[in-house]
Amino acid sequence: MAEILPVGEAMERALALLEGGDVVAIPTETVYGLAGDATNGVGVARIFEAKGRPRFNPLIAHVADLAMAERIAIFDPMSKRLAEMFWPGPLTLVLPQQAGNGIHPLVTAGLDTIALRMPRGFGGELIARLGRPLAAPSANSSGKISATTAQAVAADLGARIRLVVDGGATPVGLESTIVKVEGNIVRLLRPGGIAAADIETAVGTKLLRGAISGIEAPGMLASHYAPGASVRLNAQKVAEGEALLAFGGDRAEGWQAAVALRNLSASGDLREAASNLFAHLQELDRSGAATIAVEPIPVDGLGEAINDRLIRAAAPRDKLD
Ligand code: TXA
Ligand code: MG
């Protein structure tokens, strides 16, 4: 079983594992990441192995500072501005790679672009100490809900990794927002921890939604955040035997009969809801209910990313990756 060490005691052990080409689960402000040295092919391969990813989706490379980012990728002025405004933080930029940047091709699945992010806290310190970027997808087995606590990581991946660094519950609770600047267009490839509207204010233009081609967000297809129970969205009524994922102050009809109930935010705060989303889904899943009914959640602000994850959780399971 993986050892769980608090952030204050984990640095040297984490560095030793990464230097040896092994993986380490680390807290970030969004969700826990399963990190490996992005320049070491064995380390990157171990990430895919531990997650049981049947396909080599491209991973986000995490950097300690802008100088490291600029050694890896070519920044257009708009991307640079976004990095300066939102880093460290839950924003990932997709950029053209610098030639000879040392990033192992398994990180980018052979693409000539790379997804970069500068995380807050322990991850940033770890990358600075290592002196190399860390590739890190969310620390969950493929197709499962992203982990927002060290305990959730250990329960899922504990038998397959050596170390989980415990930084407590992740404050944002949703993965990063992914954008790509294409000339004058800024494309939103994945809604996430920074609301699209905040990015629109920063760049002074509307974001275009969705991928240009299939490759842009391969990890985002179909059922990507699936709990064991099936998920029913926009529930106005709770049916016999269902668990209820609530939002706000008004309950769906028949809520008293729910097998289990969690409220993402009683006050209707979307930021609080985002931070509770994955943990509450997991708790309701553990209730053994066959279906989790989800009350309607507004789509403004972080509601876009919350609804995005819930739609994926509700998607047919035959497309699991
Ligand atoms: O908050 C986060 O972003 C977390 C933490 C650990 O940093 N990481 C995360 O990684 O969510 P992952 O691997 O679960 O999702 C990365 C997403 C995938 O949808 C992948 O397809 C996309 O980023 N991606 C990676 N490289 C890309 C590229 N060059 N072009 C387009 N999409 C890319
Ligand atoms: Mg993921």
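All ligand and atom numbering here is 1-based and tracks the order in the structure.
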Just let me know how [X] lines up against ligand 1, side chain, backbone, both or neither, with a heavy-atom cut-off below 4.0 Å.
X    : answer
P58  : both
K180 : neither
I178 : side chain
N57  : neither

Side chain to side chain contact (heavy atoms under 4.5 Å, CB included), paired with L174, selected from I306, V31, I194, T30: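 By the side chain to side chain contact (heavy atoms under 4.5 Å, CB included) criterion, L174 pairs with just one of I306, V31, I194, T30: I306.
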From S138, does some N, O or S atom reach closer than 2.8 Å to the Mg ion (ligand 2)?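 It does: S138 brings an N, O or S atom closer than 2.8 Å to the Mg ion (ligand 2).
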Could you tabulate the donor-acceptor pairs under 3.5 Å formed by side-chain atoms of residues 14-26, not counting sequence neighbours?
from, atom 1, to, atom 2, distance (Å)
E19, OE1, R132, NH2, 3.2
D22, OD2, R162, NH1, 3.0

Element-labelled atoms of ligand 1 that are located less than 4.0 Å from some non-hydrogen atom of [X]:
X    : answer
H62  : 5 (C), 7 (O)
A115 : 25 (C), 26 (N), 27 (C)
A136 : 6 (C), 8 (N), 10 (O)
E175 : 1 (O), 2 (C), 11 (O)
I60  : 3 (O), 8 (N), 9 (C), 10 (O), 16 (C)
G33  : 6 (C)

Inspect the contact between R262 and E295 and indicate whether a charged nitrogen and a carboxylate oxygen are less than 4.0 angstrom apart.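 Salt bridge: no.
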Is E182 salt-bridged to R187, cutoff N-O under 4.0 Å?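 Counted as a salt bridge, because a side-chain N and a carboxylate O are separated by less than 4.0 Å.
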Of the non-hydrogen atoms in V165 and P27, which two are nearest, and what is the gap between them?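 In terms of heavy atoms, the two residues are closest at O-CD, 3.3 Å.
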Keeping the roles fixed (side chain from [X], backbone from [Y]), state whether a donor-acceptor pair exists under 3.5 Å.
X    : Y    : value
K51  : S138 : yes
Q98  : E70  : yes
T201 : A197 : yes

Do T28 and ligand 1 have an N or O pair less than 3.5 Å apart?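 So ligand 1 has no N or O lying under 3.5 Å from an N or O of T28.
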Return yes or no for this condition: an N or O of Y32 is under 3.5 Å from an N or O of ligand 1.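 Looking only at distances, the answer is no, because the N/O contact criterion of under 3.5 Å is not met.
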Compute the minimum heavy-atom distance from P90 to ligand 1 and say whether it is under 4.0 Å.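 Judged by the 4.0 Å heavy-atom criterion, P90 does not count as contacting ligand 1.
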Can T113 be said to touch ligand 1, with heavy atoms closer than 4.0 Å?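 T113 counts as a contact of ligand 1 under the 4.0 Å cut-off.
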Please determine whether the number of non-hydrogen atoms from other residues, nucleotides or ligands lying under 6.0 Å from atom CD of E240 exceeds 12.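 No.
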Neighbour count >12 (heavy atoms, 6.0 Å) for atom CZ, R160: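 For R160, atom CZ is crowded (more than 12 foreign heavy atoms under 6.0 Å).
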My understanding is that we take every heavy atom of each candidate and find the minimum distance to atom 28 (C) of ligand 1. Doing that for L116, L111, L174, T30, which one comes out nearest?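 Comparing heavy atoms across L116, L111, L174, T30, the nearest one to atom 28 (C) of ligand 1 lies in L111.
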